[in-house]
Structures are given as structure tokens and as C-alpha cells.
Amino acid sequence: MTDQQAIDFRIDDLRPAEREMLENLNLLDLSQDSFHLLVEHHTPDQRHSYWIVYDRAAGYGHPGDARYLAIHISRDAHRRLFRCGYSYEPTVPFAQRWLIERGCPAAHTALRQASPSPSPADATTRTLEERLRLSGSRYQLLGSYFHEPIGPKDSISVRVLVYDQHPDSAHQPYRIFLETVDMASDSYQVREGAFATIADSTTWLTSWFDNPALPLPPPAPYGPPNPAPVTRPMGATPPTTPPRGHRR
């Protein structure tokens, strides 16, 4: 299967388990002309199939909408039924996460070698993407915006706002993941910013529109609160052990 060929959902002679399943499948079939295939995996028993596609038409109606479409088909051969689910996600790691949560082995969510996608620009990008891909329910997606180039000096960018439910992020739970594409080198970077409140994160986003060079505030090191100071008796000798810094 090349990137532009129609997806074979492998549901011949199967019926939808619910009416919604057929509606989902019909919607996907109507959109196939705009799909670029990025990920495809079928389980050996043929009970499950997984895909990620880039939908070129996703932003036509609503600029800024997510473009990456994750699809899951499950089949019950004994009852001759199928289920079809899909989700539009802001970036590839979020789409991979969606598939993994539905049973796709993480190793089989890697992009196909022939997929028309830019490459990660650095180790930081690869590390952040791996964390997102395997994050499970850690990040609650609050919003995203896919920005397409307007002028010759403009570039593609994706801004994703999430709520980080990890205990170590409780002091800065609002996170922005910014993906920027360098068309000249056919590569992209992902960076993370951390904010204590949603107001702080939206203020940064508003400022970034006017100043794309504005850096993201990096996550501050996490540490438990400092213990209350212990009162020393008058004239007591202070301890010789140097104080310890914050632990991560």
C-alpha cells in the first residue's frame, strides 16, 4: 500500500455492531482521497487494525483543526460484527498514544519508512515525543492549533495545551508543547513550556502570536516543600554537614 492508496478496512461480510460504527466508517471512506498513510498495523489474528493518516482536508472547514487521524477497527468474526473508532489528534505522538491506549503495541506505531513526514531535528524532540507517545492518561488535552504558512518566511507550527496530571507537575500542571517545522531542512523541533495557571499559558500563547521567537518557560525542577526551620538553643554549635539541595 502506498501513501495515497485507499485503506482496506477488511470488513467484508461483517456488520456494524452499532449504527454509529457504520456512520464512522462512511465518513472515513468519503475522506480517503485526502489521506496520507503514516502508520498501519494488523494483529496476527486479524481482530484489530490500526492506522494513522495525515488528513490534508481537515483544516478546510475550520482553520487550526487537528490533521492527524488515528483509526481503530475491531472485528468479531464469530458474531460477524465490526466496530470502528477514530480520533483527530494534534500531532503524531498524540495519535500514537490514542492507538496504544486501544491495544496497539507501541512498537507498531512507528511511522512507515515511506511516509512523507519531516524528521526530528534533535534529541530533545525525540525524548519529548517518546514521553507523549507512552503517556497514557497523563496528559489531558485542552486545546490545539495547527498553523499553516501564510507568507514565504512563515512556517508550520502546532501548539498543544494540556493539563499534566503527574504528581511531579502539580506546581506547573499546564503544559504547552510547541512543534515547529523547518521546511528548508525537512525537519521539526518539539519544545515544552510549563505554567502554574491556565491564564499564564494563554497569556504566553497570545504573546507568541506577535513574537514567534518568544521562548517557552521550561519546567521548573520539582521538589517537596522546605521543612519548617528548627530553632536552635542559644549558643548551640551549628551542624557541620552542608545543607542538601532540592531533590527531584
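What's counted below: heavy atoms across the whole structure, side chains too, no hydrogens, waters or symmetry copies. Predicted model only: the values in this text are computed from it and were never measured.
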Are the side chains of Tyr68 and Tyr54 in touch, meaning some heavy atoms are under 4.5 Å apart? yes
Looking at residues at least two apart in the chain, or sitting in another chain, which of them share a side-chain hydrogen bond (donor to acceptor under 3.5 Å, both in side chains) with Arg133? Thr109, Glu130
Can you list the residues that meet the ring-ring contact (aromatic ring centres under 6.0 Å, His included) rule with Tyr174, with sequence neighbours excluded? Tyr163
ILVMFWY network linking Leu141 to Val158, side-chain heavy atoms under 4.5 angstrom: yes
Test side chain to side chain contact (heavy atoms under 4.5 Å, CB included) on Phe177 and Leu132; report intermediate values, then the result. CA-CA 10 Å; Phe177 291 96; Leu132 290 170; 3.8 Å; yes
Where do Pro173 and Ala196 come nearest, in terms of heavy atoms and distance? CD-O, 3.7 Å
If I take atom SG from residue Cys84 and atom CG from residue Leu14, how far apart are they, to the nearest 0.5 angstrom? 12.0 Å
Is it the case that one hydrophobic cluster holds both Phe94 and Val190, taking links as side-chain heavy atoms less than 4.5 Å apart, direct or via other members? yes
Rounded to the nearest 0.5 Å, what separates atom OG1 in Thr91 from atom CG in Leu178? 11.0 Å
What do the steps show when you test Glu148 against Arg67 for side chain to side chain contact (heavy atoms under 4.5 Å, CB included), and what is the final call? CA-CA 11 Å; Glu148 291 187 290; Arg67 308 294 175 86; 3.3 Å; yes
On a heavy-atom basis, the closest approach of Arg97 and Ser135 is CD-OG, 3.1 Å
According to side chain to side chain donor-acceptor pair (under 3.5 Å), does anything in residues 77-89 pair up with another residue at least two apart or in another chain? List the pairs. Glu18-Arg83, Asp55-Tyr88, Ser87-Glu89
May I ask you to test the Pro120-Tyr188 pair for a side-chain heavy-atom distance under 4.5 Å? yes
Side chain to side chain contact (heavy atoms under 4.5 Å, CB included) partners for Asp45, two or more places apart: Thr43, Arg47
Who passes side-chain hydrogen bond (donor to acceptor under 3.5 Å, both in side chains) against Gln189, sequence neighbours left out? Asp122
Does CD belonging to Glu23 count more than 12 external heavy atoms closer than 6.0 Å? yes
By side chain to side chain contact (heavy atoms under 4.5 Å, CB included), which residues pair with Asp29, not counting sequence neighbours? Phe9, Leu25, Gln32
Nearest non-hydrogen partners of His147 and Arg159, listed with the distance: CB-NH1, 3.8 Å
Spell out, yes or no, whether Leu27 and Ile73 are grouped together once hydrophobic residues are joined by side-chain heavy atoms under 4.5 Å, including indirect joins. yes
Taking every heavy atom of Val160 against every heavy atom of Pro90, the minimum-distance pair comes out as CG2-CB, 3.7 Å
Residues two or more places apart in sequence or in another chain: which of them pass ring-ring contact (aromatic ring centres under 6.0 Å, His included) with His41? His108
Mind checking whether Ile198 and Leu216 sit in one hydrophobic cluster, side chains of I, L, V, M, F, W, Y counted as touching below 4.5 Å? yes
Tyr145: partners by side-chain hydrogen bond (donor to acceptor under 3.5 Å, both in side chains), with sequence neighbours left out: none
Determine whether Thr125 and Arg191 make a side-chain contact, defined as any pair of heavy atoms from C-beta on separated by less than 4.5 Å. yes
Validation row: Ile7, Val53 side chains within 4.5 angstrom (heavy atoms): yes
Is a side-chain donor or acceptor of Gln165 paired with a backbone partner of Ser137 at a separation under 3.5 angstrom? yes
Between the side chain of Arg102 and the main-chain N/O of Trp98, is any donor-acceptor distance below 3.5 Å? yes
Please collect all side chain to side chain donor-acceptor pair (under 3.5 Å) contacts where either partner lies in residues 199-208, sequence neighbours excluded, each pair once. Thr197-Asp200
Under the ring-ring contact (aromatic ring centres under 6.0 Å, His included) test, which residues partner His48, sequence neighbours left out? His72
Which distance, rounded to the nearest 0.5 Å, do you find between the CE of Met183 and the CG of Asp186? 7.0 Å
Are side-chain heavy atoms of Pro217 and Gln172 found at a separation under 4.5 Å? no
Side-chain heavy-atom pair Leu28, Trp51 within 4.5 angstrom cut-off: no
Exercise: identify the closest heavy-atom pair between Leu161 and Ile176: CD1-CG1, 3.9 Å
Quick one: closest heavy-atom pair of Leu69 and Phe35, and the distance? CD2-CZ, 3.6 Å
Looking at side-chain heavy atoms only, is the closest gap between Phe146 and Ile156 below 4.5 Å? yes
For Phe209, what residues pass the ring-ring contact (aromatic ring centres under 6.0 Å, His included) criterion, not counting sequence neighbours? none
Where do Ser169 and Arg175 land on the side chain to side chain donor-acceptor pair (under 3.5 Å) test, with the steps shown first? CA-CA 9 Å; Ser169 301; Arg175 302 295 171 103; 3.2 Å; yes
Are Ile11 and Leu22 linked, directly or through intermediate hydrophobic residues, by side-chain heavy-atom contacts shorter than 4.5 Å (ILVMFWY only)? no
Nearest 0.5 Å please: distance from the OH atom of Tyr50 over to the CD atom of Glu40. 13.5 Å
Are side-chain heavy atoms of Val162 and Leu142 found at a separation under 4.5 Å? no
Distance-only, no hydrogens or angles: does the Arg19 side chain make a donor-acceptor pair with backbone N or O of Pro16 under 3.5 Å? no
In chain order, what residues pass the salt bridge (Lys or Arg N to Asp or Glu O under 4.0 Å) check against Arg75, with sequence neighbours excluded? none
